[in-house]
Amino acid sequence: MKIYKNHIAEKIAGIIGDDRDRIETLLEIPPSEDMGDLAFPCFTLSKDMRRAPDVIAEELGNKIGRDNLIERAEAAGPYVNFYIDKSHLISTVIDQILSDRDDYGRSDEGSGKNIIIEYSSPNIAKPFGIGHLRSTVIGASLKRIYEYLGYKVVSINHLGDWGTQFGKLIYAYRNWGDELKLNEDPIGHLYELYVRIHREEENDPKLVELTRSEFKELEEGDSENIDLWRRFSDLSRKEFRKIYKMLGVNFDSEKGESFYIDKIPAVEKSLKDRDLLKESQDATIIDLEKYEMPPILIRKSDDTSLYATRDLAAAIYRKKEYNFDKMVYVVGVAQSLYFRQLFKSLELMGNDWADNCHHVSFGWVKLGEEMMSTRRGNIVFLEDVLARTVEEAKKIVEENSPDLPDPDSVAKAVGIGAVIFTDLSCRRDTDIAFDWDKMLDFRGNSGPYIQYSHARICSVIRKYGKELKKEYNAGLLLLPEEYSMAKMLVCYPDIIKKAANEFEPYYISNFLLELCGIFNTYYQKYRSPEDRILSSNSDVADSRVTLADCARIVLHSGLKLLGISAPEMM
RNA sequence: GCGCCCAUAGCUCAAUUGGACAGAGCGUCUGGCUACGGACCAGAAGGUUGGGGGUUCAACUCCUCCUGGGCGUACCA
């Protein structure tokens with residue numbers, strides 16, 4: 001769409017003698033297709049020129065004539081509506097996609113830039129719930145999106161493998177642990193112990209001190225505690241790996257919190273040198289009152305470290321190690337105050353790059369009226385969700401397409417795709433309502449709907465049979481849906497950039513749904529031998545299949561950016 | 001108490017960041033395969049955008065107050 005915006009902005013600027021770029025940012029896409037393809041609202045001009053917007057629009061409309069990009073311009077009240085030359089747009093986008101193929105929409109705007117994305121970061125010894133999935137899926141998608149734009153991305157799984165909870169876990173395991181259970185179902189057993197110690201601590205406050213001292217010993221290097229910790233950690237990592245494999249998610253680094261404990265002293269020294277540390281209530285803090293924030297705790301009264309301590313160390317380490325241009329933390333919205341404190345602390349330490357750190361937050365997953373949380377014990381396990389969606393997909397596949405060569409892998413692709421898509425189909429900050437019925441419904445606005453549309457196009461191309469030639473005639477693509485589709489395809493690169501800028505993969509999901517909507521309408525509306533895609537007129541068929549193939553390429557690409565696979569048959 | 005966030009169709013979510021008539025899916029009702037895949041498509045019903053006031057050419061969007069909810073707010077992460 002960029003070339004058209006540019007072109008129109010230039011024309012308008014030429015007439016009124018204003019700044020091109022300013023005009024360009026004012027251009028918008030009208031709410032309905034019959035109002036043209038791009039619109040210029042004259043309100044702001046009206047202020048400068050002290051004339052009624054309708055009059056300006058009228059004048060512009062008359063002065064802008066047709067050329068090979070613009071078919072016509074027409075005033076509509078205070079707007080000037082521009083109608084792009086359809087044949088120009090269609091052939092431009094088809095040529096572009098056919099030459100770029102799977103790289104359509106790729107760019108090099110990020111080349112030479114490093115970005116760190118921290119995501120997933122589950123806690124060792126806690127089950128992977130459907131709530132944790134959001135960070136994983138959003139982060140993994142952002143990684144793909146940024147790589148597509150030429151950035152060098154380092155993805156980090158900042159595992160929660162250190163902290164007070166390990167004192168609890170060690171204590172609980174010593175007293176109630178079961179070797180057999182631990183090996184059979186490590187996370188299940190550890191979680192059971194975790195829940196139990198929490199309950200018991202409520203009844204017996206003395207336990208709190210005992211578990212805290214276990215952590216202190218761990219942090220001081222007690223070998224027995226370290227052995228246990230390492231075992232818990234290894235077993236959990238192994239379990240998580242299974243989940244990541246299913247989801248098709250991977251990381252460049254899996255350095256968890258524990259990695260940074262030996263880097264804490266240097267951080268503390270630098271904090272002390274800048275006189276940022278303060279003793280308060282027996283603990284060590286950074287006072288942030290000047291910045292209207294509560295203090296951030298650096299050391300507890302028993303002298304053990306906290307997540308903030310380790311996060312400061314991690315940020316500084318990463319800056320040294322990767323020299324990132326940007327670092328984003330994909331972490332739930334509950335932590336937003338904490339990240340403001342963290343970034344402010346980094347800044348106070350003299351790190352001018354603190355500005356380049358972003359908290360990419362996301363909302364809760366609700367179960368009924370409640371927020372899902374491990375602490376409350378009302379979580380839905382990701383493994384159960386994946387198992388059920390895959391099973392459901394298998395049922396449907398068996399019923400609808402009994403002779404698929406590999407039904408199991410298709411069922412997996414669809415079941416998992418449905419789960420991933422659900423998390424990416426609304427804005428990050430909205431809370432998601434988890435609902436089994438909806439999760440298992442593969443119709444409507446869903447991942448499988450997009451996969452289905454993609455498979456359908458693949459099927460048409462198979463039926464077409466011939467080698468796809470690069471020959472097509474834009475003059476034969478005159479149906480309104482063909483133009484709408486082409487127009488969407490033109491916008492795909494813009495959508496990717498928007499998704500990256502706002503850290504919102506949902507823009508891509510939304511775009512894909514819309515594209516599928518148009519294609520499916522097109523597909524079903526025209527059924528006569530001549531009007532359908534595989535038209536009896538072979539020239540027309542060539543052109544239509546070519547356009548459909550472009551849509552296929554974009555659907556495939558978009559799904560990939562979301563981390564969802566696109567089977568050719570399903 | 002203070003801070004941040006949310007409230008849009010019966011339900012789940014959108015709305016080009018202040019723009020033209022607030023749109024999709026599900027659910028309800030009606031219709032569509034001897035054809036290119038019905039995990040689909042077409043149509044209908046469904047809204048005073050939680051409520052009041054304000055800012056302006058224009059408010060779901062910005063300001064203010066109220067109501068209802070969520071999260072955070074020093075030794076969890």
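Values in this document were obtained by computation on a predicted structure and should not be read as measured data. Convention: sequence-line order gives letters A, B, ...; per-chain numbering from 1.
Among the protein residues, A/L337 comes within range of the sugar-phosphate backbone only, with heavy atoms under 4.0 Å from sugar or phosphate atoms but none that close to a base. A/L297 comes within 4.0 angstrom of a nucleotide base, judged by non-hydrogen atoms across all strands. Among the atoms of the strands shown, none is found under 4.0 Å from any heavy atom of A/D54. Residue contacts for A/M293: at a heavy-atom cut-off of 4.0 Å it reaches no nucleic acid atom on any strand shown. At a threshold of 4.0 angstrom between heavy atoms, the contacts of A/P31 include nucleobase atoms, whether or not backbone atoms are also involved. Nucleic acid contact for A/Y194: none, since no nucleic acid atom lies under 4.0 Å from a heavy atom of the residue. Here A/Y526 lies in heavy-atom contact (under 4.0 Å) with a base. Residue A/P30 is classed as a base contact, given a heavy-atom separation below 4.0 Å to a base. Counting any heavy atom pair closer than 4.0 Å across all strands shown, A/G160 reaches no nucleic acid atom. Residue contacts for A/Y464: at a heavy-atom cut-off of 4.0 Å it reaches no nucleic acid atom on any strand shown. If you check every strand for non-hydrogen atoms under 4.0 Å, A/V397 touches a base. The residue A/E201 sits apart from the nucleic acid: no heavy atom pair falls under 4.0 Å.
The side chain of A/Y452 contributes an N or O atom lying less than 4.0 Å from OP1 or OP2 of B/rA39. At the phosphate of B/rG37, OP1 or OP2 sits under 4.0 Å from a side-chain N or O atom of A/K463. For B/rA42, neither phosphate oxygen OP1 nor OP2 lies less than 4.0 angstrom from any side-chain nitrogen or oxygen of A/Y522. For B/rA77, the OP1/OP2 oxygens have a side-chain nitrogen or oxygen of A/T164 closer than 4.0 Å. Side-chain nitrogen and oxygen atoms of A/T430 include at least one within less than 4.0 Å of the OP1 or OP2 phosphate oxygen of B/rA14. One finds no side-chain N or O of A/S528 lying less than 4.0 angstrom from the OP1 or OP2 phosphate oxygen of B/rA35. Here A/R527 does not reach the OP1 or OP2 of B/rU34: none of its side-chain N or O atoms lies under 4.0 Å away. Taking only side-chain nitrogens and oxygens, A/N520 never comes nearer than 4.0 Å to OP1 or OP2 of B/rC40. Here A/R456 does not reach the OP1 or OP2 of B/rA39: none of its side-chain N or O atoms lies under 4.0 Å away.
Separating the P atom of B/rU17 from that of B/rC62 is a span of 13 Å, rounded to the nearest Å. B/rA39 and B/rU48 are spaced 37 Å apart, taking the P atom of each and rounding to whole Å. Rounded to the nearest Å, the gap between the C1' atom of B/rC5 and that of B/rG50 is 16 Å. Rounded to whole Å, the separation between the P atoms of B/rA22 and B/rA45 comes to 15 Å. Comparing the P positions of B/rU61 and B/rG53 gives a spacing of 14 Å, expressed to the nearest Å. B/rG25 sits 7 Å from B/rC41 when the P atoms are compared, rounded to a whole Å. Across B/rG68 and B/rU8, the matching C1' atoms stand 16 Å from one another, rounded to whole Å. Spacing between B/rG27 and B/rC2 at atom P, rounded to whole Å, works out to 45 Å.
Checked against a 6.0 Å centroid threshold, the rings of A/F40 and A/Y79 do not count as neighbours. In this structure, A/F343 has its ring center under 6.0 Å from that of A/F339.
At a cut-off of 3.5 angstrom, counting only N and O atoms as typed in the model, there is a donor on one side and an acceptor on the other between the side-chain of A/Q335 and the base of B/rA77. Side-chain atoms of A/S121 stay outside donor-acceptor range of the base of B/rA77, with no qualifying N/O pair under 3.5 Å. Judged by distance alone, with hydrogens and angles left aside, A/D34 brings no side-chain donor or acceptor close enough to the base of B/rA20 to form a pair under 3.5 Å. Remark: the A/Q165 side chain and the B/rC76 base include no donor-acceptor N/O pair separated by less than 3.5 Å.
Side chain to side chain, A/S301 and A/Q281 fail the donor-acceptor criterion of an N or O pair below 3.5 Å. Looking at A/D311 and A/Y338, their side chains do bring a donor and an acceptor atom within 3.5 Å of each other. Inspection of the A/E74 and A/N81 side chains reveals no N or O donor paired with an N or O acceptor under 3.5 Å. No side-chain N or O of A/N537 forms a donor-acceptor pair with one of A/S535 less than 3.5 Å apart. Between the side chains of A/S484 and A/E33, a donor-acceptor pair is found at a separation under 3.5 Å.
Using a 30° and 60° split on the angle between ring planes, A/H556 and A/H454 fall in the tilted class, from 30° to 60°. Between A/H132 and A/F128, the angle of the ring planes lies from 30° to 60°, which puts this pair in the tilted group.
Nucleotide B/rU28 has B/rA44 as its partner under the Watson-Crick or G-U criteria, with both atom distances under 3.5 Å. Across all strands shown, B/rG70 is found opposite B/rC4 as a Watson-Crick or G-U wobble partner, with both distances under 3.5 Å.
Among the nucleotides B/rC40, B/rG37, B/rA20, the one closest to any side-chain atom of A/S401 is B/rG37. With B/rG38, B/rG70, B/rU73 as the choices, the nucleotide that has an atom nearest any side-chain atom of A/P294 turns out to be B/rU73. Distance from the side chain of A/N123 is smallest for B/rA77 among the nucleotides B/rA77, B/rC57, B/rG38. Taking only side-chain atoms of A/V460, from C-beta outward, the nucleotide of B/rU16, B/rG37, B/rA39 with the closest atom is B/rG37. Of the candidates B/rG32, B/rA39, B/rA14, B/rA39 carries the atom nearest the A/P448 side chain, counting heavy atoms from C-beta on. Residue A/I396 places its side chain closer to B/rA39 than to any other of B/rG72, B/rG37, B/rA39. Looking at the side chain of A/R532, the nearest of the listed nucleotides B/rA35, B/rC41, B/rU17 is B/rA35. Checking B/rU16, B/rA39, B/rA77 against the side-chain heavy atoms of A/R310 singles out B/rA77 as nearest. Among B/rA20, B/rU16, B/rA74, the nucleotide with an atom closest to any side-chain atom of A/K498 is B/rU16. Considering only the side chain of A/E257, B/rA77 comes nearest among B/rC71, B/rA77, B/rU17.
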*Protein proximity profile, nucleotides 3-12 of chain B - base contact B, sugar-phosphate-only contact S, no contact -, cut-off 4.0 Å on heavy atoms*: ---------S
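Residue A/E24 qualifies as enclosed at atom CD: its count of foreign heavy atoms under 6.0 Å is above 12.
With rounding to whole Å, A/R544 atom CZ is found 15 Å from B/rA35 atom C1'.
Contact check for A/L288 versus A/P295: no side-chain heavy atoms found under the 4.5 Å cut-off. In this structure, A/L562 and A/I508 have side chains that are in contact, with non-hydrogen atoms separated by less than 4.5 Å.
In terms of position along RNA chain B, the nucleotide closest to A/I29 lies nearer the 5' end than the nucleotide closest to the other residue of the pair A/S446 and A/I29. Nearest-nucleotide mapping onto RNA chain B: of A/A39 and A/P53, the residue sitting toward the 5' end is A/A39.
Taking 90° from 0 as the syn/anti boundary, the base of B/rU12 is oriented anti.
By the stacking rule of 5.5 Å between ring centres and under 30° between planes, A/Y79 stacks on the base of B/rA20. Ring-to-base geometry does not place A/F43 in a stacked arrangement with B/rA58 (centre distance under 5.5 Å, plane angle under 30° required).
In this structure, A/K168 fails the cation-pi test against A/Y171, since its NZ or CZ atom is not both closer than 6.0 Å to the six-membered ring centre and inside 45 degrees of the ring normal.
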